[in-house]
Asks: 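Below you will find the structure I want to go over with you.
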Protein chains: 2
Amino acid sequence: MDTADDSSLGPLTEDVPSTGFLDDGKNTIGSQLASRLREAIISGELEAGSKINLDKARKTFNVSLSPLREGLARLISDGLVEFQDNRGYRVAPISLANLEEVTSLREELEVFALRESMRLGDVEWEGNIMRALHRLNRSERDAARPETLEQWEALHREFHLTLISGCGKPLLLHFCSLLLNLNDRYRRVFLIRTSGDRNVGQEHSEIAQGAVARDVDYACEKLRQHIHRTGTNLRNHLAAKGIA
Amino acid sequence: MDTADDSSLGPLTEDVPSTGFLDDGKNTIGSQLASRLREAIISGELEAGSKINLDKARKTFNVSLSPLREGLARLISDGLVEFQDNRGYRVAPISLANLEEVTSLREELEVFALRESMRLGDVEWEGNIMRALHRLNRSERDAARPETLEQWEALHREFHLTLISGCGKPLLLHFCSLLLNLNDRYRRVFLIRTSGDRNVGQEHSEIAQGAVARDVDYACEKLRQHIHRTGTNLRNHLAAKGIA
DNA sequence: GCTTGACAAATAATCGATTATTCTGATAGT
DNA sequence: ACTATCAGAATAATCGATTATTTGTCAAGC
């Protein structure tokens with residue numbers, strides 16, 4: 001039980017959006033690998049805690065060691081990969097404790113960032129929220145079609161990041177983005193569909209409405225509850241699968 | 001004005017504490033480089049914002065590209081180095097805005113971590129604080145002898161991390177450690193000696209006393225003020241040097 | 001039976017050389 | 001003069017091979 005089952009990881013063919021020009025920094029093999037691996041980990045394609053064998057990965061992706069290490073190194077910053085000298089890389093493990101920390105820190109940091117955004121955000125920020133909300137609410141999650149799940153996840157992530165994008169604190173945004181990554185991995189791996197007693201769409205709407213209306217206490221409390229509920233929900237799913 | 005003046009960076013000879021055994025993970029060249037470079041950046045030896053020329057660095061440190069990139073990649077996680085595809089690495093720039101964010105986030109995160117530590121920390125945690133405080137207060141900062149500054153910085157960092165080490169949240173500790181790194185760079189570069197109207201030693205003592213006495217509001221407020229004062233102090237020094 | 005040590009296989013780290021990309025600055029055209 | 005273009009230099013990225021370290025296995029000794 002040492003090596004990840006990477007059977008379904010095809011060779012990398014990054015889907016460049018072909019917006020025409022403007023090199024947005026996904027050019028090197030190392031970068032493409034980082035994206036590919038990030039997706040593989042968050043989606044659960046690479047099992048949490050499993051060792052990443054460099055030689056096998058090299059063959060799987062048809063690359064040399066250098067860009068492979070490069071890509072993996074970046075995922076360390078994301079908290080998705082762990083590393084030890086002379087022992088190589090492994091997919092960051094998951095645990096109840098980790099999930100609870102991620103949830104707790106999201107409540108603390110995302111709410112703080114939302115508060116700051118409401119203090120500092122301008123009209124463009126408001127507009128971005130409404131757009132992100134609309135796109136998210138229009139998106140459908142069909143468990144039968146994985147690509148819709150991926151799409152929803154991307155829009156959901158986008159919504160949460162947009163909410164706090166007005167805070168003017170790059171480091172804080174970075175931390176939140178990181179926590180969101182970790183959180184999304186739990187959802188994608190453990191949550192096929194959201195629990196029945198929630199209307200997640202409405203929760204998002206309430207947060208967004210409160211934010212643009214600058215009702216600080218309301219919006220922050222709604223966001224906190226939203227995060228907390230997701231945490232509780234996920235915790236139950238982890239417990240059901242016997243994960244400590 | 002593109003390339004860092006790395007003239008004073010000697011070849012790497014990591015001072016292994018030679019505690020005898022127990023490989024604590026500083027064995028590879030990449031790791032040693034990471035330590036060496038981290039120190040060089042925090043101490044200001046490598047100028048903020050300067051480009052890191054791989055070829056020159058390779059010669060300076062007498063290493064090959066692979067471990068050099070490896071080491072630099074780790075400093076990206078620390079927020080001390082920035083990277084762009086095909087354009088290489090540069091020392092993370094400093095700015096008033098960044099200092100203010102670091103200070104603001106330290107107030108938020110370190111105080112939160114202290115509160116959690118006071119809620120969860122055990123007697124060992126208390127003991128560690130008293131030890132760290134004692135060692136810090138015994139250490140002297142003599143501007144004429146750089147090694148005492150380094151020593152003080154290490155102990156100071158140790159004290160702050162120990163304070164919050166009982167929080168049981170590895171990710172939070174990681175964030176705080178990172179912010180402390182960034183903060184220390186500002187201090188080491190801009191602050192030869194602490195401003196006259198402060199008794200930093202007493203501030204540390206008050207925080208520590210409050211923490212072990214579990215006087216949550218007192219300790220947290222003292223810590224917050226401590227961080228805030230340092231921020232203000234540093235901001236003045238930056239402003240005096242005309243840094244925006 | 002259990003530990004210890006030596007060897008071999010597997011794996012990670014590093015190197016030197018090669019390829020790809022970006023930067024520079026000289027030149028030609030407007 | 002000013003901008004655009006292109007060759008050559010500088011620099012970053014990648015590769016394939018080599019070296020170092022760890023892990024697994026098995027036999028000897030207790």
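Below, each value reflects all heavy atoms present in this structure, side chains not excepted, and no hydrogens, waters or symmetry copies. In what follows, every chain begins at residue 1, and chains take the letters A, B, ... in the order their sequences are listed.
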Asks: Can you measure A:L72 atom CG to D:dT14 atom C1' for me and round it to whole angstrom units?
Replies: 16 Å

Asks: If I compare all heavy atoms of A:L182 with all of B:L171, which pair ends up nearest, and what's the gap?
Replies: CD1-CD1, 3.8 Å

Asks: Return the nearest nucleotide to the side chain of A:K51; candidates are C:dT11, D:dT22, C:dT22.
Replies: C:dT11

Asks: Whole angstrom is fine here: how far is it from CG in A:L54 over to P in D:dA20?
Replies: 19 Å

Asks: Which of these, B:E45, B:E153, B:E39, sits in a salt bridge (Lys or Arg N to Asp or Glu O under 4.0 Å) with B:R188?
Replies: B:E39

Asks: Rounding to an integer number of Å, can you tell me how far A:D55 CG sits from C:dA12 C1'?
Replies: 10 Å

Asks: I want to check something: taking the side chain as every heavy atom from C-beta on, are B:L96 and B:R235 in contact at a cut-off of under 4.5 Å?
Replies: yes

Asks: Write down the distance between NZ (B:K56) and P (D:dA9), rounded to a whole number of angstrom.
Replies: 17 Å

Asks: Is there side-chain contact between B:T148 and B:S139, with at least one heavy-atom pair below 4.5 Å?
Replies: no

Asks: Within this structure, what is the CG-to-P distance between B:D85 and C:dC23, rounded to whole angstrom?
Replies: 12 Å

Asks: I need the CD-P distance between B:E70 and C:dT14, as an integer number of Å.
Replies: 7 Å

Asks: Can you measure B:I52 atom CD1 to D:dT11 atom P for me and round it to whole angstrom units?
Replies: 14 Å

Asks: Rounded to whole Å, how long is the line connecting atom CZ of A:R87 with atom C1' of C:dA12?
Replies: 11 Å

Asks: Is any side-chain nitrogen or oxygen of B:N53 closer than 4.0 Å to OP1 or OP2 of D:dT11?
Replies: yes

Asks: Show each protein N/O and nucleotides 15-17 of chain C N/O combination with a separation under 3.5 Å, one pair to a line.
Replies:
unit_1	atom_1	unit_2	atom_2	d
C:dC15	OP2	B:S64	N	2.9
C:dC15	N4	B:S66	OG	3.2

Asks: What's the spacing between B:E116 CD and B:K169 NZ if we round to 0.5 Å?
Replies: 3.5 Å

Asks: Taking side chain as C-beta onward, heavy atoms only, is A:R141 less than 4.5 Å from A:Q151?
Replies: no

